[in-house]
Q: 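I am attaching a structure below and will ask some questions about it afterwards.
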There are 2 protein chains.
Amino acid sequence: MLSRRSDTPSSDFVGAAVTAIAQLIREQDLRPGDRLPAEAVLSKDLQVSRTVIREALRSLAALRLVELGAGRRPTVAELNDDAFGLMIEHGVVIDQIDIQQIYDARRTIEARTSALAALRRTEAEAKAIIAHAEAMAADFHLPEKVIEHDIAFHLSIARASRNPVFALILGAFQNVTRQTWPIGWRSRANDGDRQAMNALHHEIGQAILAGDPGAATAAMNQHFDVSLKALVTAGLI
Amino acid sequence: MLSRRSDTPSSDFVGAAVTAIAQLIREQDLRPGDRLPAEAVLSKDLQVSRTVIREALRSLAALRLVELGAGRRPTVAELNDDAFGLMIEHGVVIDQIDIQQIYDARRTIEARTSALAALRRTEAEAKAIIAHAEAMAADFHLPEKVIEHDIAFHLSIARASRNPVFALILGAFQNVTRQTWPIGWRSRANDGDRQAMNALHHEIGQAILAGDPGAATAAMNQHFDVSLKALVTAGLI
DNA sequence: CCCCTAAACCTGTAATATAGGTTTTGGGAA
DNA sequence: TTCCCAAAACCTATATTACAGGTTTAGGGG
């Protein structure tokens with residue numbers, strides 16, 4: 001978990017190319033969408049075969065530093081949560097991370113995103129957040145719809161927090177959340193429990209609309225208390 | 001930030017191979033260190049050229065789902081923070097993330113890791129954490145030593161929290177922290193300010209040793225208040 | 001049963017070829 | 001002049017072959 005990456009591994013052509021290309025982006029101050037030199041050019045400049053360049057570009061594309069496409073030069077890309085999501089999923093698959101730990105991370109971060117959202121959300125964002133909460137209540141007998149609104153609800157808050165780091169991290173948890181969500185849902189045996197959860201979503205949304213960070217965080221924490229209890233009941237944690 | 005990855009992109013051979021290999025790891029329940037099929041075998045199984053398989057493996061290696069080495073079959077790898085660190089660094093380079101946002105994420109998470117560390121640390125971990133705080137005080141006229149102890153101090157706490165998600169995220173911030181750290185250091189004009197920071201580190205360490213999560217979090221928050229102020233003074237935020 | 005070595009296996013890099021996708025260029029029409 | 005279009009130039013995705021090393025395995029000798 002703690003190893004520093006070895007810059008410019010001398011005998012690793014691909015690693016060296018990755019470093020060189022990342023450096024190129026930094027030093028030339030390239031922006032998302034800007035084009036990198038063609039593979040053939042990089043190959044000549046860095047004195048390695050196109051094979052090496054391609055593998056280096058694929059590495060960078062996997063991390064979403066660059067974007068590749070047939071016929072077009074490699075372009076600088078914007079971060080998104082896919083890559084980090086894959087990593088988290090892998091951590092769960094190999095039991096390096098468990099569900100409880102992800103939940104604790106979510107709780108920690110979402111306590112903050114809800115407060116920031118209350119402070120920073122636009123009117124439109126507040127409306128969208130509340131709309132998801134209401135849609136959840138309206139469709140509460142259709143789990144396949146509820147889950148989508150639930151996830152969208154939390155992610156809207158993350159975005160409204162105006163901190164892309166939070167949005168990135170919480171977005172990466174999405175896939176794992178999606179897999180455990182039905183378990184929590186089923187463990188809420190009766191509609192009363194489910195409606196209680198809707199009430200909490202409503203409360204969070206209202207606090208964000210009202211611009212009350214303390215209330216938003218409090219409601220969010222309460223929400224996680226209840227959700228966590230559901231997962232414990234289900235024996236998942 | 002929100003796009004879901006499209007599973008099995010039909011016309012993207014490499015993407016399909018990545019998905020297939022990741023699925024292989026999951027379905028065969030492979031553990032870190034376990035070997036994947038040789039490239040030639042994957043090539044035959046998935047009906048694509050070795051070129052495609054290699055690029056797929058490089059993608060997975062970039063995310064640290066697998067590890068590659070000359071002469072040896074690809075092996076399943078453990079997560080580490082290098083890959084995520086590269087992503088974060090890129091986010092900063094392209095101005096998708098700013099330093100203040102990383103600091104807010106750190107503060108949010110470290111408030112929690114310090115509390116968890118107080119609850120879960122072993123005796124040895126508590127000693128190591130305190131040792132870093134003391135080394136910082138002892139070497140406080142040697143910035144190049146102080147920074148290393150500072151970073152190690154925070155990371156030890158993250159590890160002692162027993163949540164690898166936190167350790168992963170905070171580890172990924174390391175490189176960025178390392179780049180901004182000297183700025184904060186210089187803005188602490190006199191030794192008094194610097195010693196004050198040492199006192200806070202000491203306080204955090206003692207709270208963790210004492211097993212007092214509330215005090216640990218409080219001291220950590222105070223620490224971030226001061227650090228943030230230093231960065232503001234320096235005009236970085 | 002253990003150790004060592006040769007063979008078998010396997011990856012890293014390079015070079016070449018080609019199908020198709022994208023961008024640029026330059027000319028002709030409006 | 002400006003706009004549009006088609007041809008040309010450019011470029012990537014994939015496949016194939018080759019070979020230099022590095023690693024693992026199998027088998028024989030002690």
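Within every chain, numbering begins at 1; the chains are lettered A, B, ... in the order of the sequence lines, protein sequences first and strands thereafter.
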Q: Can you tell me how far apart CZ (B/R186) and CH2 (B/W181) are? Round to the nearest 0.5 Å.
A: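 Those atoms lie 10.0 Å apart.
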
Q: Test B/R178 against B/E148 for salt bridge (Lys or Arg N to Asp or Glu O under 4.0 Å), laying out the working first.
A: CA-CA 9 Å; B/R178 210 177 284 275; B/E148 292 310 325; 2.6 Å; yes

Q: Rounded to whole angstrom units, what separation is found between the CD atom of B/E39 and the C1' atom of D/dT17?
A: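 From B/E39 CD to D/dT17 C1': 15 Å.
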
Q: Atom CG of A/L36 to atom P of D/dT12: distance rounded to whole Å?
A: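 The answer, rounded to whole Å, is 10 Å.
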
Q: Rounded to the nearest angstrom, tell me the gap between atom CG in A/L46 and atom C1' in C/dA14.
A: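 Atom-to-atom, A/L46 to C/dA14, this comes out as 15 Å.
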
Q: May I have the distance from B/K44 (atom NZ) to C/dC10 (atom P), rounded to whole angstrom?
A: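 In whole Å, C/dC10 P lies 12 Å from B/K44 NZ.
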
Q: What side-chain donor-acceptor pairs closer than 3.5 Å can you find for residues 57-69 of chain A, not counting sequence neighbours?
A:
unit_1	atom_1	unit_2	atom_2	d
A/R58	NE	B/E55	OE1	2.6
A/R58	NH2	B/E55	OE1	3.4
A/S59	OG	A/E55	O	3.0

Q: Kindly point out which of D/dT12, C/dT11, D/dT14 is positioned nearest to the side chain of A/A38?
A: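 Per side-chain heavy atoms of A/A38, the pick is D/dT12.
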
Q: Between D/dT16, C/dG21, C/dT13, spot the one nearest the side chain of B/T51, thanks.
A: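 Side chain of B/T51 sits closest to D/dT16.
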
Q: By a strict heavy-atom criterion of less than 4.0 Å, which residues belonging to residues 53-60 of chain A are in contact with DNA chain D?
A: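 Output list: A/R54, A/R58.
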
Q: Measuring to OP1 and OP2 of D/dA9, would you say a side-chain N or O of A/R73 lies under 4.0 angstrom away?
A: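 No.
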
Q: Roughly how far, to the nearest 0.5 Å, is CE of A/M220 from CZ of A/R112?
A: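 The distance works out to 13.0 Å.
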
Q: Relative to the 5' end of DNA chain C, which residue comes earlier, A/R72 or A/R50, by the nucleotide with the nearest heavy atom?
A: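 The answer here is A/R50.
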
Q: Taking the ring centre of each residue, are B/H201 and B/H154 less than 6.0 Å apart?
A: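 Ring centres of B/H154 and B/H201 closer than 6.0 Å.
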
Q: Check whether any side-chain nitrogen or oxygen of B/R35 sits under 4.0 Å from OP1 or OP2 of D/dT25, and answer yes or no.
A: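 So the side-chain polar atoms of B/R35 do come within 4.0 Å of the phosphate oxygens OP1 or OP2 of D/dT25, strictly under.
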
Q: Between A/E67 (CD) and C/dG21 (C1'), how many Å, whole number?
A: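 Atom CD in A/E67 sits about 15 Å away from atom C1' in C/dG21.
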
Q: Going by side chain to side chain contact (heavy atoms under 4.5 Å, CB included), B/I130 matches just one of B/E134, B/H132, B/K127. Which one?
A: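 Answer after filtering B/E134, B/H132, B/K127: B/E134.
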
Q: Within this structure, what is the CZ-to-C1' distance between A/F13 and D/dG21, rounded to whole angstrom?
A: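 Taking CZ of A/F13 and C1' of D/dG21, I get 12 Å after rounding.
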
Q: Whether the side chain of B/E125 engages the backbone of B/T122 through a donor-acceptor N/O pair (distance < 3.5 Å, no angle test) should be reported.
A: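 Side chain of B/E125 to backbone of B/T122, a donor-acceptor pair under 3.5 Å: yes, one is there.
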
Q: Distance check needed: C/dT11 C1' versus B/L68 CG, whole Å only.
A: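 One finds 9 Å between C1' of C/dT11 and CG of B/L68, rounded.
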
